[in-house]
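Report on the structure given below.
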Number of protein chains: 2
Amino acid sequence: MRISQLSAASGVPIPTIKYYLREGLLPQGEQTAATRAEYDEAHLRRLRLIRALLEVGRVPVATIAKIIAAVEDEDMPVHTMLGTAHYALASPAEPSPGDAEHVRARERVEALIAGLGWDVKPEAPTRDELAEILVRLDQLGMPATDERLRDYADVTMRLVSEYDMALIPFHGPRETAVETLVIGTVLYGKAFDVLRRLAQESESARILGT
Amino acid sequence: MRISQLSAASGVPIPTIKYYLREGLLPQGEQTAATRAEYDEAHLRRLRLIRALLEVGRVPVATIAKIIAAVEDEDMPVHTMLGTAHYALASPAEPSPGDAEHVRARERVEALIAGLGWDVKPEAPTRDELAEILVRLDQLGMPATDERLRDYADVTMRLVSEYDMALIPFHGPRETAVETLVIGTVLYGKAFDVLRRLAQESESARILGT
DNA sequence: CTTACCTGGATAGCATGACTATCCAATGCG
DNA sequence: CGCATTGGATAGTCATGCTATCCAGGTAAG
């Protein structure tokens, strides 16, 4: 299919598709002539993934590009690729990881992870992300209790191991594994968020008698 | 305290504080003279809330302004105020709520909510948000099973009723109730997200034998 | 006093991110 | 044959969230 058909099938304007091609989010089509290239189903699928990450997950274009680059680097082993993709989805580095409050929160995070017996790399950016949230909660006068964190973590792990990770085809094509991981992280993450807000509304109505 | 002290105490630059004042995120200080105003602890607290929502939750300034406006409208009953704040936190309207796919997904959402016995207003934007995610998952060839959605929802409701809503001082000052709700939605929502990513990393390491 | 420094208020400018528009020469289909 | 389409390149746009500059009135240490 040509670019105009790819555009029609996906609903993405041609200039935007060209932009994604430039940014390396979408692989080049197969050149059939100097001014003609063919696109296929894989491009359409990739385009849908890009739009889902951008529009639902608000993942920056630059982050998507990093993930794609890891997929396309055939020399990278699958677990490294998945790790790269995963870390790319972390929020951009927080400003504070230096002060005393953050260090203390960071220690609470270490203790939590150790207590759960989780296997998380010491340099995972996720650790600082969580610590930063604890700092903010403290500053707002609503510190998170160990019990609450622990409970959230237990529930999270159950769902992750039962669904998110159980469904990843680790030994299939690399592209598919990353796709499944990213969809699990971003789209189901968002689904979780929305369900939480729905549950909050329902509980609020129940408590306040609508 | 004067603006320079507020700035020093919060770490937010003076021009940024002035910007928040202009946008109505922060109430005016008490004017003590034509060119002098006094700020207090409430301003500092509000500033910390704003920064947490912006930096951790990535909530747009315009959305924060809407929430503040609801708090400041003394005529608005508490449950209306909480509803307003809550809906303001929904993602900006999705583009598709018209086509056939979305309508079908929307019906699945209705069925889910009904099946759970949740009390959610028919016009809640959250319904469309969830439907939109289901549409994307379908398009990506990874449709969400009813079982998975149901399981996510059950777990979510347990945590929400046990923590998020249980801790809201519904009958205290209106400002505090909204603050608690918003923190519960945004900061704990983010904490959940980070815990999920930590759990995913740990599971991935376990499965791939690191 | 007085003089250097803050203030609050107003206006304008900037950086980033995600597009969108315009050109251009080379096709290629009818 | 001739005109719409294509790929590639370059530049412009729009929304956000600040940041910088001015200005005149006010404060406060010496």
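The chains referred to below are lettered A, B, ... by the order of the sequence lines, with proteins before strands, and numbering in each begins at 1. All values below were derived from every heavy atom in this structure, side-chain atoms included, with hydrogens, water molecules and symmetry-related copies excluded.
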Given [N], is OP1 or OP2 found less than 4.0 Å from the side-chain N or O atoms of [X]?
| X | N | value |
| --- | --- | --- |
| B:T16 | D:dT19 | yes |
| A:Q31 | D:dG8 | yes |
| B:R22 | D:dG17 | no |
| B:Y39 | C:dG8 | yes |
| B:S4 | C:dT7 | yes |
| A:Y20 | C:dA18 | no |

To the nearest angstrom, how far is [X] atom [atom1] from [N] atom [atom2]?
| X | N | atom1 | atom2 | answer |
| --- | --- | --- | --- | --- |
| A:E30 | D:dT6 | CD | C1' | 16 Å |
| B:I17 | C:dC6 | CD1 | P | 16 Å |
| B:I64 | D:dC18 | CD1 | C1' | 13 Å |
| A:M1 | D:dG7 | CE | C1' | 17 Å |
| B:L26 | C:dG8 | CG | P | 11 Å |
| B:L54 | D:dA15 | CG | C1' | 15 Å |
| B:H43 | C:dG8 | NE2 | C1' | 14 Å |
| B:E23 | D:dG17 | CD | P | 9 Å |

| message | Any non-hydrogen side-chain atom of B:Y20 less than 4.5 Å from a side-chain atom of B:R51? | response |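 A side-chain contact exists here, since the closest heavy-atom pair is under 4.5 Å.
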
| field | Pair A:E129-A:S91, side chain to side chain donor-acceptor pair (under 3.5 Å): steps then yes or no | value | CA-CA 7 Å; A:E129 263 191 275; A:S91 306; 2.9 Å; yes

| field | Toward the 5' end of DNA chain D, by each residue's nearest nucleotide, B:R2 or B:A62 | value |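 The 5'-side residue here is B:A62.
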
| SB check A:E201 A:R197 (cutoff 4.0 Å) |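 So A:E201 does not pair with A:R197 through a salt bridge.
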
| Is it true that A:R148 and B:D164 make a salt bridge, defined as a side-chain N closer than 4.0 Å to a carboxylate O? |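 A salt bridge is present here (some side-chain N lies under 4.0 Å from a carboxylate O).
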
For [X], answer base if it contacts any base atom (sugar-phosphate contacts may also be present), sugar-phosphate if it contacts only those atoms, and nothing otherwise; contact means non-hydrogen atoms under 4.0 Å.
| X | answer |
| --- | --- |
| B:Q5 | nothing |
| A:Q28 | sugar-phosphate |
| B:L21 | nothing |

| message | Going by the rule salt bridge (charged side-chain N to carboxylate O under 4.0 Å, His left out), which residues pair with B:E72 if we only count those two or more places apart in sequence or in a different chain? | response |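 Listed in chain order: B:R46.
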
| Choosing from D:dC18, D:dT19, C:dG28, which nucleotide comes nearest the side chain of A:R36? |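 Nucleotide nearest to A:R36's side chain: C:dG28.
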
| field | A:K18, nearest nucleotide to its side chain (from D:dG7, D:dC18, C:dT7) | value |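 Nearest to the side-chain atoms of A:K18, counting from C-beta on, is D:dG7.
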
| field | Ring center gap for A:F192 and B:F192 short of 6.0 angstrom | value |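 So the answer is yes for these two rings.
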
| query | Toward the 5' end of DNA chain C, which comes first, B:I3 or A:Y19, by nearest nucleotide? | reply |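 Of the two residues, B:I3 wins.
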
